[in-house]
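Presented below is the structure to which this report refers.
Indexing begins at 1, ligand by ligand and atom by atom, following the structure's order. Just so it is clear, the model here is predicted, and its values are computed rather than measured.
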Amino acid sequence: MRPERKSMPRIATLLLVAWACACSAASSHDSLQSIAQWAYPQAAPGKPTHHAPDEIIRVSDSRRTFRYKDLFGPDSGATDWFPDSHPPLPPIVAHGSVPGTESCGGCHGVNGEGVPATAALAGLPRAYMLEQINAFRRGLRGARAPESATFMAREAKAVDNHDIAQAVDYFSRLAFKPNVSVVESAWVPRTRWRDYVLEADAGGQREPIGQRIIEMPVHPADFEHYDTHAGFIAYVPPGSIRRGARLANVGSGSVLACASCHGDHLQGLGTAPPLAGRSPTYIARELLLFASGQRDSLNAAPMRQEAEQLTLEEAISAAAFAASLGGEARAEK
Ligand code: HEC
Ligand code: HEC
């Protein structure tokens, strides 16, 4: 074991302390929020309403246009800025199916590239996705997690098996294209949540990163109009990528090398899904959920054991390294 690990509490211990401090109001939800608020996207304070319904909306990298009301209206379905970039969309991916279901594409993107608040589905193995949907339905994933991490359970219960099969077939066949650049930086823009994504404060102030990942859209206006091609920038603490590479390839003490299960370059192997190039906020959130028992299906057991050994710094480092694979990574002074 490396000496510096001894002085740092594991996530599991931090959660216990947070739980004990919260006393009567204690819940797994509050403890997770208190140790890593940045990993649990929140709605506040909501979308601005300064657009006229017929205003024409464009994004930088598509020739299509939409009227504002067609993007955000009650029947708008998932926005498709790049219809030539994917096979035909199954109905459940494009606009939902029976009442109570929402379109998969609305939350995960029609190309399955995902956003930090949801998950990238493109290229995930079919069997893995079905197993996760089953876990969501049975209350074995995210049932007592902070708000946004519970949305999928509602959807999984509302959608029938026929639609799930179509959606999972569709997403598993898409090639995953990383859309995040990982940047090591001691200072980051001061941010707040708006509509489940971090937004920089208008004044341009900066603050120390601390033990956080700060992931933001590169073009916030395009993101607001559901263009997930526009990409994300994820600030991580200096040294994270090097520390994460070591964890991924060698391990540390009782922490096994991530690659021993997730495969070379974390491209996925057997029941362990691919991690390379995926959102570091998502990866870190899942490590916290495993460590707090919020991912508790049979297949999750080895991963739960692994996550319980990690310190928060290690979880951030592993997430930063995994996300940097296949994407762009650099260090800022
Ligand atoms: C209302 C938003 C929403 C909708 C609609 C939605 N999802 Fe999700 N989904 C999420 C969120 C949020 C997560 C991540 C939960 C977490 O943080 O653990 C997720 C996670 C998943 C995962 C797990 C991914 C992984 O890597 O483990 C799968 C699989 C999935 N969704 C499939 C689907 C399918 C298929 C549909 C359409 C039938 C769908 N989702 C519709 C919000 C949504
Ligand atoms: C002993 C094998 C094993 C090791 C070692 C391991 N994992 Fe996993 N991991 C798994 C399995 C199996 C799953 C799928 C769990 C499930 O089905 O819920 C998983 C799932 C995950 C997920 C969820 C991915 C998603 O799409 O939701 C993340 C994130 C993750 N692992 C990160 C890591 C990191 C980081 C390390 C190294 C610090 C690591 N894993 C080491 C076996 C392992």
- Query: Can you say whether the rings of Y170 and H86 are parallel (under 30°), tilted (30 to 60°) or perpendicular (over 60°)?
  - Reply: perpendicular
- Message: Heavy-atom contact check, 4.0 Å cutoff: does P273 meet ligand 2?
- Response: yes
- Would A257 count as a contact of ligand 2 if the rule is a heavy atom under 4.0 Å away? yes
- Task: Decide whether the shortest distance between a heavy atom of T118 and an atom of ligand 1 is less than 4.0 Å.
- Result: yes
- Query: With a 4.0 Å cut-off on heavy atoms, is L275 touching ligand 2?
  - Reply: yes
- Those atoms of ligand 1 less than 4.0 Å from some heavy atom in E102: 1 (C), 5 (C)
- Item | atom 3 (C) of ligand 1 - nearest protein heavy atom and its distance | C107 SG, 2.8 Å
- Query: If we ignore angles and hydrogens, is there a donor and acceptor under 3.5 Å between the side chains of E131 and S297?
  - Reply: yes
- Task: Determine, considering heavy atoms only, which of M129, Q132, M152 sits nearest to atom 32 (C) of ligand 1.
- Result: M152
- Query: So, T191 and E199: side-chain donor and acceptor under 3.5 Å apart, yes or no?
  - Reply: no
- Heteroatom distance test (S103, ligand 1): nitrogen or oxygen, under 3.5 angstrom: no
- Checking R278 against F176: charged group under 6.0 Å from the ring centre and within 45 degrees of the axis? yes
- Message: Quick check on K69: does its NZ atom have over 12 non-hydrogen neighbours (other residues, nucleotides or ligands) under 6.0 Å away?
- Response: yes
- Message: Does atom CZ (R138) have a neighbourhood of more than 12 heavy atoms from anything else shown, all under 6.0 Å?
- Response: no
- Does ligand 1 have an atom that lies less than 4.0 angstrom from a heavy atom of Y128? yes
- Item | Any N or O of S148 closer than 3.5 Å to N or O of ligand 1 | no
- Strictly by modelled atom types, are S60 and D222 linked by a side-chain donor-acceptor pair under 3.5 Å? yes
- Does one side chain, of S317 or R243, offer a donor that lies under 3.5 Å from an acceptor on the other? yes
- Message: If we count only N and O atoms by modelled type, under 3.5 Å, do the side chains of Q132 and R141 hold a donor and an acceptor together?
- Response: yes
- Subset of ligand 1 atoms that lie under 4.0 Å from at least one heavy atom of R141: 16 (C), 18 (O), 23 (C), 25 (C), 27 (O)
- Task: For ligand 2, note which part of E314 has a heavy atom under 4.0 Å away: side chain, backbone, both or neither.
- Result: neither
- What do you reckon, does S260 have a nitrogen or oxygen under 3.5 Å from a nitrogen or oxygen of ligand 2? no
- Nearest non-hydrogen contact to atom 12 (C) of ligand 2 from the set N134, T271, L298 belongs to T271
- Message: At less than 4.0 angstrom from any non-hydrogen atom of C261, what atoms of ligand 2 do you find?
- Response: 1 (C), 2 (C), 3 (C), 4 (C), 5 (C), 42 (C), 43 (C)
- Is any N or O atom of E286, backbone or side chain, closer than 3.5 Å to an N or O atom of ligand 1? yes
- Message: Between D227 and S62, is there a side-chain donor-acceptor contact under 3.5 Å, judged purely by atom types and distance?
- Response: no
- Heavy-atom contacts with L287 under 4.0 Å: which atoms of ligand 2 show up? List them by number with element. 32 (C)
- For L289, counting its heavy atoms only, list the atoms of ligand 1 lying under 4.0 Å from any of them. 18 (O)
- Message: Need the ligand 1 atom indices (1-based, order shown) with element for anything under 4.0 Å from a heavy-atom of A117.
- Response: 12 (C)
- Note on the structure: Quick note on ligand 2: atoms under 4.0 Å from a heavy atom of I283 include exactly 29 (C)
- Under 4.0 Å, heavy atoms only, figure out whether ligand 2 is touched by the backbone of R295, its side chain, both or neither. side chain
- Task: Between R285, E131, M303, flag the one that comes closest to atom 30 (C) of ligand 2 by a heavy atom.
- Result: M303
- Message: If you count every heavy atom of other residues, nucleotides or ligands that lies below 6.0 Å from D264 atom CG, does the total exceed 12?
- Response: no
- Could you list the atoms of ligand 1 found under 4.0 angstrom from a heavy atom of I92? 38 (C)
- Query: Is there a side-chain contact between E306 and F290 (heavy atoms, below 4.5 Å)?
  - Reply: no
- Task: List every atom of ligand 2 that sits less than 4.0 Å from any heavy atom of L256, numbering the atoms from 1 in the order shown and giving each element.
- Result: 5 (C)
- Query: Near R173 CZ, under 6.0 Å, is it more than 12 heavy atoms from other residues, nucleotides or ligands?
  - Reply: no
- Message: As a check for students: among P146, P90, C104, S97, identify the option with a heavy atom nearest to atom 37 (C) of ligand 1.
- Response: C104
- Can you tell me if D163 and S97 form a side-chain donor-acceptor pair at under 3.5 Å? yes
- Message: For atom 22 (C) of ligand 2, what is the closest protein heavy atom, and at what distance to 0.1 Å?
- Response: F290 CE1, 3.6 Å
- atom 28 (C) of ligand 1 [closest protein heavy-atom partner, distance rounded to 0.1 Å]: L121 CD2, 3.5 Å
- Task: Can you sort out which atoms of ligand 2 are near C258, meaning under 4.0 Å from one of its heavy atoms?
- Result: 34 (C), 35 (C), 36 (C), 37 (C), 38 (C), 39 (C), 41 (C)
- Main-chain N/O of V188 paired to S185 side chain as donor or acceptor, under 3.5 Å: no
- Query: Is L298 atom CG crowded by more than 12 heavy atoms from other residues, nucleotides or ligands, each under 6.0 Å away?
  - Reply: no
- Task: With heavy atoms of A167 as the reference, note each atom of ligand 1 found under 4.0 Å away.
- Result: 35 (C)
- Just wondering, is there an N, O or S atom on H108 that's nearer than 2.8 Å to atom 8 (Fe) of ligand 1? yes
- Query: By number and element, which atoms of ligand 1 are closer than 4.0 Å to a non-hydrogen atom of Y282?
  - Reply: 24 (C), 25 (C), 26 (O), 27 (O)
- Could you tell me how the ring of Y68 sits relative to the ring of H51: parallel (under 30°), tilted (30 to 60°) or perpendicular (over 60°)? parallel
- Within 4.0 Å of some non-hydrogen atom of A318, the atoms of ligand 2 are 35 (C)
